[in-house]
Engineer: 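Before I ask anything, here is the structure I am working with.
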Amino acid sequence: MREDLQRSIATILSELGVDVPPDGVSLERPLRAEHGDWSANAALMYAKLLGKSPRDLAGEICERVSGSDLRHLERVEVAGPGFVNFYLSIGWLHDVLRDVINAGEDGYARFDFGASERVNLEFVSANPTGPIHVGNGWWGAYGDSLGRVMARCGYAVHREYYVNDTGRQVRMLGESVLARKSGDEIPDDGYQGEYVTQLAKSYSGPADAMVAGKWASEMILKEIKNTLTSIGIEYDAWFSQASIEESGALNETIDQLRAQGLIEEKDGAIWFLSNTAGLGDSRDRVLIRSDGTPTYLGGDLAYHRNKFLVRGFDRVIDIFGADHQGQVASLKCGMKALGVDTNRLEILIGQMISLMDGGKSGKMSKRLGNFVSLDELIDDLGPDAVRLLALMGSLDQANTLDLDVVRSQSMDNPVYYIQYAYARICSLGRVREERSIKRMPVKDVDLGVLSHPRELELLRVLETMADTVRDACEERAPHKITVWVRKLAAAFHGFYHDCPILSQNEDPGDFALMQARLWLVEGCRIAAAIAFSLLGVSAPERM
RNA sequence: GCCCACGUAGCUCAAUUGGAUAGAGCAGAUGACUUCUAAUCAUCAGGUUGCAGGUUCGAGUCCUGCCGUGGGCGCCA
């Protein structure tokens, strides 16, 4: 329907001499019902170009569209400063429901505009020096969900966790474990959390900080995997930083940069002239220290070069916490210097999640061990609630999580609201079976009897689903699915409350209405199931 | 000091990427179960979108300057 209207407007505009952009004219769903089902602002956009007043142009468009025989189109009006508003018969909504049912859970709101583009999606990548914290879970849920959404839109998504399994922090971890084991003081930069003590108890290897550190980080990584798995976050690859450094990839990267005169040795260290050479960085960066060990940036450049140039991904999306945003400029400079189109490197920055516990907010530190781990939160709230909470807002909104509020609300959490809608749908199915009520094939059912305000409201929400999935993908904003599914649940609960579905009356009219409502319910079930799967939230059949 | 974000109802967050009268949930007030699950529904109340300018038919959204908050400015990661 949308496409029909867009095409129709585009044709009229081009007849009037406007170069219509390839992605079509803009068409929106007005917020207010009296502004129609669809609204076009083309007259406002092109009036100046054509030397006409917006309202005159709108009138002209209006007249020409009215003359066409678009399906479901009831009337067209000019409104406000020059909007063209389209009013449709409710039949178009019934068509939407039929589409949902025919396409089903697998096919509806599925796209192929991703065109199998190979996307490397990196997220979380927290150092395995301790349990992951709530912020990691937030960005993890976001990244995982984004991957699901992009996969549904036709991208070939490869999810990756970059494991920092080498370097100074691993050594510090090892020293901390050894200190706990021997009863010594933990070093100043060491890790003081309780988990270090636990690790020390079961460590039986040599008293070598690097060996102990590697062992400990492997143990911790296992726990991290368990934690992430428990909220439905899965990876295709756990990519080892050590493997990058050992493979010589860093040297290849440096050679490639050196060939362009972007490398300089100074004070025994190897520098990337990301600022001096005019690449736009705020300063030059060390890639290899004077002691011969690579810096984090050195490894990360080699890693990203590997993603683009060795493994040949078409697109790389990284989700970093705000505490890593200092890395962004350097990484982009590096990729540009290596010949990568930096439009293909998207770095999304997740703002920090601050926690309030017992009415006070404290700074969390992995080093001091005084942070709330993701595990604890999952134990408190359950995996679904954590996932949904994490996907409530956008990535660039700094979140405050008041643990007291979240805990006290746990029985009144948004997740139950949407899952309850699903459980009610499933319950209807069970009752229908019990009462031996048949559901006729949808092709034999007249959906046109759905005209109750609650039914129409619900259909209107269903109608926006496919666009919501597409927007969530294009804007890298999976939380839009959350916003949408809450609307769906609200519309469903209202419908359920006001419209009896399993009428026991044998009157033929009621039977027809019951059949149509049963299919409306099924359409909601399909849509909710899709949304839940994109969000990584379970769809309980009873609660 | 410089760089990057963010600032929307008492609280937590949305807002069709520039659209028409800024929306939900929680918290507050009041009502609705003898029916398919009340973990629900309905009504009320709550706002100068941090402040001041600018751009245009139109700004929470874009530009400039302040103010506030967070993050970054290592041969840490």
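Order of the sequence lines fixes the chain letters, A, B, ..., with proteins taken first and strands second; residue numbering starts at 1 for each chain.
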Engineer: Taking the P atom of each, how far is B/rA5 from B/rG47, in whole Å?
Structural biologist: 31 Å
Engineer: Expressed in whole Å, how much space separates the P atoms belonging to B/rG70 and B/rC75?
Structural biologist: 26 Å
Engineer: Given atom CG of A/Asp291 and atom C1' of B/rC75, what is their separation to the nearest angstrom?
Structural biologist: 7 Å
Engineer: Quick one: CD on A/Glu475 to CG on A/Leu146, what's the gap to the nearest 0.5 Å?
Structural biologist: 11.5 Å
Engineer: The side chain of A/Ala423 lies closest to which of these nucleotides: B/rG71, B/rU17, B/rU37?
Structural biologist: B/rU37
Engineer: Looking only at the side chain of A/Tyr416 (C-beta and beyond, no hydrogens), which of the listed nucleotides B/rG71, B/rA39, B/rU17 gets closest?
Structural biologist: B/rA39
Engineer: With hydrogens left out and only the distance checked, is there a donor-acceptor pair under 3.5 Å joining A/Asn85's side chain and the base of B/rA20?
Structural biologist: yes
Engineer: Checking all strands, does A/Met352 fall into the base, sugar-phosphate, or nothing category for heavy-atom contacts under 4.0 angstrom?
Structural biologist: sugar-phosphate
Engineer: At 4.0 Å (heavy atoms only), tell me whether A/Glu434 reaches a base, stays on the sugar-phosphate, or touches nothing.
Structural biologist: nothing
Engineer: Verify the neighbour count for atom CZ of A/Arg29: are there more than 12 heavy atoms of other residues, nucleotides or ligands below 6.0 Å?
Structural biologist: yes
Engineer: Using a heavy-atom cut-off of under 4.0 Å over every strand shown, decide if A/Cys426 touches base, sugar-phosphate, or nothing.
Structural biologist: nothing
Engineer: Work out how far the C1' atom of B/rG60 is from that of B/rA14, and round it to whole angstrom.
Structural biologist: 12 Å
Engineer: Syn or anti for B/rU17, given that syn means the glycosidic angle lies within 90° of 0?
Structural biologist: syn
Engineer: Tell me whether the NZ or CZ atom of A/Arg439 lies within the 45° cone about the ring axis of A/Trp519 and under 6.0 Å from its centre.
Structural biologist: yes
Engineer: For B/rG19, give its Watson-Crick or G-U wobble partner with both distances under 3.5 Å, or none.
Structural biologist: B/rC57
Engineer: In the structure shown, which nucleotide is the Watson-Crick or G-U wobble counterpart of B/rC26, with both distances under 3.5 Å?
Structural biologist: B/rG10
Engineer: Side chain of A/Arg454 only, please: which of B/rA42, B/rG71, B/rC75 is the nearest?
Structural biologist: B/rA42
Engineer: Give the nucleotide from the list B/rC75, B/rC76, B/rA39 with an atom nearest to the side chain of A/Ala269.
Structural biologist: B/rC75
Engineer: So that I know where these two stand, are A/Trp238 and A/Tyr161 an aromatic pair - ring centroids less than 6.0 Å apart?
Structural biologist: yes
Engineer: I'd like the C1' distance from B/rC13 over to B/rC4, given in whole Å.
Structural biologist: 23 Å
Engineer: In this structure, which one of A/Leu535, A/Thr482, A/Leu381, A/Leu388 forms a side-chain contact (heavy atoms from CB on, under 4.5 Å) with A/Val415?
Structural biologist: A/Leu388
Engineer: Starting at atom CZ of A/Arg470, determine the distance to atom C1' of B/rU17, rounded to an integer number of angstrom.
Structural biologist: 13 Å
Engineer: Please report the distance, rounded to the nearest Å, between CD1 in A/Ile319 and P in B/rG71.
Structural biologist: 21 Å
Engineer: For B/rC33, does the glycosidic angle fall within 90° of 0 (syn) or outside that (anti)?
Structural biologist: syn
Engineer: Distances under 3.5 Å between protein N/O atoms and the N/O atoms of nucleotides 54-61 of chain B, please, pair by pair.
Structural biologist:
residue, atom, partner, partner atom, Å
B/rC57, OP1, A/Lys48, NZ, 2.9

Engineer: Should we count NZ of A/Lys487 as having more than 12 external heavy atoms under 6.0 Å?
Structural biologist: no
Engineer: How does each nucleotide of nucleotides 7-14 of chain B score, in 5' to 3' order, for protein heavy atoms under 4.0 Å: base (B), sugar-phosphate only (S), or none (-)?
Structural biologist: S----SSS
Engineer: From the list B/rG71, B/rG19, B/rC75, which nucleotide is the closest neighbour of the side chain of A/Trp271?
Structural biologist: B/rC75
Engineer: When the C1' atoms of B/rU61 and B/rU49 are considered, how many whole Å apart are they?
Structural biologist: 10 Å
Engineer: Take the protein atom OH of A/Tyr422 and the nucleotide atom P of B/rU40, then report the distance between them rounded to whole Å.
Structural biologist: 19 Å
Engineer: Classify the nucleic acid contact of A/His35 as base, sugar-phosphate or nothing, counting any heavy atom under 4.0 Å across all strands shown.
Structural biologist: base
Engineer: Can a donor-acceptor pair under 3.5 Å be found between the side-chain atoms of A/Asp323 and the base atoms of B/rG72?
Structural biologist: no
Engineer: May I ask you to say whether A/Arg460 pairs ionically with A/Asp37, meaning some side-chain N is under 4.0 Å from a carboxylate O?
Structural biologist: yes
Engineer: Report yes if a donor N or O on one partner sits less than 3.5 Å from an acceptor N or O on the other, where the partners are the side chain of A/Ser290 and the base of B/rC75; otherwise report no.
Structural biologist: yes
Engineer: Would you mind classifying the nucleic acid contact of A/Thr482 as base, sugar-phosphate or nothing, using non-hydrogen atoms under 4.0 angstrom?
Structural biologist: nothing
Engineer: How long is the straight-line distance from CZ of A/Phe83 back to CD of A/Glu77, given to the nearest 0.5 Å?
Structural biologist: 14.0 Å
Engineer: Without decimals, in angstroms, what is the distance between A/Trp139 CH2 and B/rA5 P?
Structural biologist: 17 Å
Engineer: Is atom CD of A/Glu264 surrounded by more than 12 heavy atoms (other residues, nucleotides or ligands) closer than 6.0 Å?
Structural biologist: yes
Engineer: Would A/Arg171 and A/Asp189 count as a salt bridge (charged side-chain N to carboxylate O under 4.0 Å, His left out) if you check the C-alpha gap in whole Å, the side-chain angles of each, and the deciding distance to 0.1 Å?
Structural biologist: CA-CA 11 Å; A/Arg171 176 183 304 278; A/Asp189 289 341; over 6 Å; no
Engineer: Should the heavy atoms of other residues, nucleotides or ligands under 6.0 Å from NZ of A/Lys266 be counted, would the total exceed 12?
Structural biologist: yes
Engineer: Out of B/rC75, B/rU37, B/rG71, which has the shortest distance to the side chain of A/Ser427?
Structural biologist: B/rU37
Engineer: If you measure from the C1' atom in B/rA45 to the same atom in B/rU30, how many Å do you get, rounded?
Structural biologist: 11 Å
Engineer: I'd like to know if A/Gln325 reaches the base of B/rG71 with its side chain such that a donor and an acceptor end up less than 3.5 angstrom apart.
Structural biologist: yes
Engineer: Within the 4.0 Å heavy-atom criterion, would you say A/Arg283 contacts the bases, only the backbone, or no part of the nucleic acid?
Structural biologist: sugar-phosphate
Engineer: Pick base, sugar-phosphate or nothing for A/Tyr496, based on heavy-atom distances below 4.0 Å to the nucleic acid.
Structural biologist: base
Engineer: Has the side chain of A/Arg32 got a donor or acceptor atom sitting under 3.5 Å from an opposite partner on the base of B/rU21?
Structural biologist: yes
Engineer: May I ask you to evaluate whether A/Arg289 reaches the phosphate of B/rC76, defined as a side-chain N or O under 4.0 Å from OP1 or OP2?
Structural biologist: yes
Engineer: With the side chain of A/Phe83 defined as its heavy atoms from C-beta on, choose the nearest nucleotide among B/rC75, B/rC36, B/rA20.
Structural biologist: B/rA20
Engineer: Apply salt bridge (charged side-chain N to carboxylate O under 4.0 Å, His left out) to A/Asp384 and A/Arg387, showing your working.
Structural biologist: CA-CA 5 Å; A/Asp384 284 338; A/Arg387 272 215 66 137; over 6 Å; no
Engineer: Heavy atoms only, 4.0 Å cut-off, all strands: where does A/Gln419 land among base, sugar-phosphate and nothing?
Structural biologist: nothing
Engineer: Taking atom P in both B/rC3 and B/rG50, compute the distance separating them and give it to the nearest angstrom.
Structural biologist: 22 Å
Engineer: Are A/Arg75 and A/Tyr87 in a cation-pi setup, meaning NZ or CZ lies under 6.0 angstrom from the ring centre and within 45 degrees of the ring axis?
Structural biologist: yes
Engineer: Centres of the A/His452 and A/Phe495 rings: under 6.0 Å?
Structural biologist: no
Engineer: Please determine, for B/rC41, whether a Watson-Crick or G-U wobble partner exists with both distances under 3.5 Å, and give it or none.
Structural biologist: B/rG31
Engineer: Quick one: look up who B/rC2 pairs with, Watson-Crick or G-U, both distances under 3.5 Å, and put none if it's unpaired.
Structural biologist: B/rG72
Engineer: How far, in whole Å, is B/rG18 from B/rC6 if one measures between their P atoms?
Structural biologist: 14 Å
Engineer: Heavy atoms only, 4.0 Å cut-off, all strands: where does A/Pro414 land among base, sugar-phosphate and nothing?
Structural biologist: nothing
Engineer: Over all strands shown, is A/Ile501 touching base, sugar-phosphate only, or nothing at heavy-atom distances under 4.0 angstrom?
Structural biologist: base
Engineer: Considering just the side-chain nitrogens and oxygens of A/Arg517, establish if one lies under 4.0 Å of OP1 or OP2 belonging to B/rC36.
Structural biologist: no
